[in-house]
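Chain naming here is simple, since letters A, B, ... match the order of the sequence lines and numbering starts at 1 in each.
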Protein chains: 2
Amino acid sequence: MSGSRSTAFGRPREFDIDEALERAMQVFWARGYDGTSLTDLTGAMGITKSSMYAAFGNKEQLFRKAVERYAEGPASYATRALREPTARSVAEAFLRGGVRTTTSPGCPTGCLSVQGALALTEQSRPAHDTLVDWRNDAGVRLEERFRRAIEEGDLSRDADPGRLARFIMTTAFGIAVQAANGLRADELDEIVDTALLAWPT
Amino acid sequence: MSGSRSTAFGRPREFDIDEALERAMQVFWARGYDGTSLTDLTGAMGITKSSMYAAFGNKEQLFRKAVERYAEGPASYATRALREPTARSVAEAFLRGGVRTTTSPGCPTGCLSVQGALALTEQSRPAHDTLVDWRNDAGVRLEERFRRAIEEGDLSRDADPGRLARFIMTTAFGIAVQAANGLRADELDEIVDTALLAWPT
DNA sequence: AGCGTTCTGGACCGATCGGAACTTAAAGCG
DNA sequence: CGCTTTAAGTTCCGATCGGTCCAGAACGCT
């Protein structure tokens, strides 16, 4: 973890490591892991390969850190949504947040967790697995939140938390693909409206 | 279009062009356009690069032909679904078909049209555009079918065909991602059940 | 000043990328 | 039999891939 030590010993870093990571995240977001070369990355980050390797390790570790930054930044709506008071408002906040992030101006369309490494290749396996785990974790957290909602009484005891979580996650993933397909935010919000019609009363 | 001429003039082709295309489709399906190298392709196809170039042109054209084969093969459920008698049964057949194809044993999980080239890179732009067009076309055909259903009276005049089509497409894309995520067919079928609860009465 | 430590820029690495070229092989036809 | 045509197999191409190495530069510390 030498990348975050700010107590300078030796020559100080000449670039902003957060800014560089932000740029790397944007490139991975737009082009995916396989489609992004070191030249793409260092070009966008404004640093040389040696600086990148010294600060982040290698391409694979840089991707992992970019995903972490994505989770805490553009995808932070997911964690925030879990704090909504009812299961239904959790689901709605989750989907609305997905719409906003996948269509945010100045950012690539779509979702890094979906288009970062959906296909599985030899060299993208670590990146692929990272994203599979993250997507599944998100579903599990949603399921646990829905289970709590049943205990709290704002969701019917007949409801299946796992099934609802998988449905919401599916809708969110579909929205990410549609955003990459060029759909506008208002069209995606209509999709959220429609999906929520399936929500148990 | 010299690839399909079977009237032999000159040395006859020693491999089955359909079989080779099938293999190429499978590789693109699993690894995506960017993640697939010519070595991957020719290795799976059992031919050399020169044979591939002579028969299919280049990697990009091979991808296009693989997508066409996918559309007529594994994804043919989409066209068949449109012939269902009612809008609702069209939607259900479309989604059930998606579940079956994205979880078919012996084939890669997920959907070629989604994971073939979701991210946009310099070299994948043609493949990416091909898939964007195809996905949007599928939505348009669904929308037209729903519009016809309104005229035929099996769908309410209050329904919005475009909105419904986008919702069904979104669910189908989400299912493709979930399949790539490792969900089982029965879990995906539950998602279809849930999504159809949003269908207008 | 000298030293240890860390960062920078650029040269360099073997491997692989998509693709072209060239030779050899197998067919029909006169 | 040549002659033409097309496919197969091999070699080679320039470019790029992810990654390493090294000399020099910029700091804190003594």
Take the protein atom [atom1] of [X] and the nucleotide atom [atom2] of [N], then report the distance between them rounded to whole Å.
{"X": "A:Leu62", "N": "D:dG19", "atom1": "CG", "atom2": "P", "answer": "10 Å"}
{"X": "A:Met45", "N": "C:dC7", "atom1": "CE", "atom2": "P", "answer": "14 Å"}
{"X": "B:Met52", "N": "D:dA7", "atom1": "CE", "atom2": "P", "answer": "14 Å"}
{"X": "B:Ile47", "N": "D:dT6", "atom1": "CD1", "atom2": "P", "answer": "18 Å"}
{"X": "A:Phe56", "N": "C:dT8", "atom1": "CZ", "atom2": "C1'", "answer": "15 Å"}

Q. Any salt bridge between B:Arg147 and B:Glu151, counting N to O under 4.0 Å?
A.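 So B:Arg147 does not pair with B:Glu151 through a salt bridge.
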Q. Would you say a side-chain N or O of B:Ser51 is under 4.0 Å from OP1 or OP2 of D:dA7?
A.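 For B:Ser51, the contact criterion (side-chain N or O under 4.0 Å from OP1 or OP2 of D:dA7) is not met.
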Q) Which ring pair (Phe, Tyr, Trp, His ring centres under 6.0 Å) pairs, counting each pair once, include a residue from residues 173-201 of chain A, with sequence neighbours left out? A)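 Matches after skipping sequence neighbours: A:Phe146-A:Trp199.
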Q) For A:Phe63, which of A:Phe56, A:Phe28, A:Trp134 qualifies under ring-ring contact (aromatic ring centres under 6.0 Å, His included)? A)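 Output: one option passes, namely A:Phe28.
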Can you sort out the partners of [X] under salt bridge (Lys or Arg N to Asp or Glu O under 4.0 Å), two or more places apart, ordered by chain and number?
{"X": "B:Arg23", "value": "B:Glu19"}
{"X": "A:Asp189", "value": "A:Arg96"}
{"X": "A:Arg184", "value": "A:Asp186, A:Glu187"}

Q) Please, which pairs that meet salt bridge (Lys or Arg N to Asp or Glu O under 4.0 Å) have at least one residue in residues 34-46 of chain A, sequence neighbours excluded? A)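 Sorted pair list: A:Arg31-A:Asp40.
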Q: Return each pair, listed once, that meets salt bridge (Lys or Arg N to Asp or Glu O under 4.0 Å) where at least one residue sits in residues 167-180 of chain B; pairs must be two or more places apart or across chains.
A: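 Residue pairs passing salt bridge (Lys or Arg N to Asp or Glu O under 4.0 Å), neighbours aside: none found.
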Q: Kindly point out which of D:dA26, C:dT8, D:dT10 is positioned nearest to the side chain of B:Thr48?
A: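 Selected nucleotide (nearest to the side chain): D:dT10.
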Q. To the nearest 10 degrees, how far apart in direction are the end axes of the helix from C:dA1-D:dT30 to C:dG30-D:dC1, each fit to five base pairs?
A.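 Axis-to-axis angle, ends of the helix: 10°.
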Contacts table for residues 72-81 of chain A: side-chain donor-acceptor under 3.5 angstrom, sequence neighbours left out:
from    : atom 1 : to      : atom 2 : distance (Å)
A:Ser76 : OG     : A:Gly73 : O      : 2.8
A:Ser76 : OG     : A:Arg80 : NH1    : 3.0

For residues 156-164 of chain B, which side-chain donor-acceptor pairs fall under 3.5 Å, sequence neighbours excluded?
from     : atom 1 : to       : atom 2 : distance (Å)
B:Ser156 : OG     : B:Asp158 : N      : 2.9
B:Asp160 : OD1    : B:Gly162 : N      : 3.1
B:Asp160 : OD1    : B:Arg163 : N      : 3.2
B:Arg163 : NE     : A:Thr194 : OG1    : 3.2

Q: Check each residue of residues 117-125 of chain B for a non-hydrogen atom within less than 4.0 Å of any atom in DNA chain C, then write out the ones that pass by number, or none.
A: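 DNA chain C contact set from residues 117-125 of chain B: none.
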Q) Is there a donor-acceptor contact under 3.5 Å from the side chain of B:Arg135 to the main chain of B:Ser113? A)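 Yes, B:Arg135 side chain to B:Ser113 backbone: donor-acceptor pair under 3.5 Å.
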Q.
Would the distance check show the side chain of A:Thr86 and the main-chain N or O of A:Ser89 forming a donor-acceptor pair, the cut-off being under 3.5 Å?
A.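 Pair found, side chain donor or acceptor close to backbone of A:Ser89.
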Q. Can A:Thr48 and A:Thr42 be said to form a side chain to side chain contact (heavy atoms under 4.5 Å, CB included), step by step?
A. CA-CA 6 Å; A:Thr48 61; A:Thr42 53; over 6 Å; no
Can you name the atoms? Protein N/O to nucleotides 14-18 of chain D N/O, anything below 3.5 Å, with the distance.
from   : atom 1 : to      : atom 2 : distance (Å)
D:dC17 : OP1    : A:Ser37 : OG     : 3.1
D:dC17 : OP2    : A:Thr39 : OG1    : 3.2
D:dG18 : OP1    : A:Thr36 : O      : 3.2
D:dG18 : OP1    : A:Lys59 : NZ     : 3.0
D:dG18 : OP2    : A:Leu38 : N      : 2.6

Please list, for nucleotides 22-25 of chain C, all pairs of protein and nucleotide N/O atoms separated by less than 3.5 Å.
from   : atom 1 : to      : atom 2 : distance (Å)
C:dA25 : N3     : B:Arg11 : NH1    : 3.2

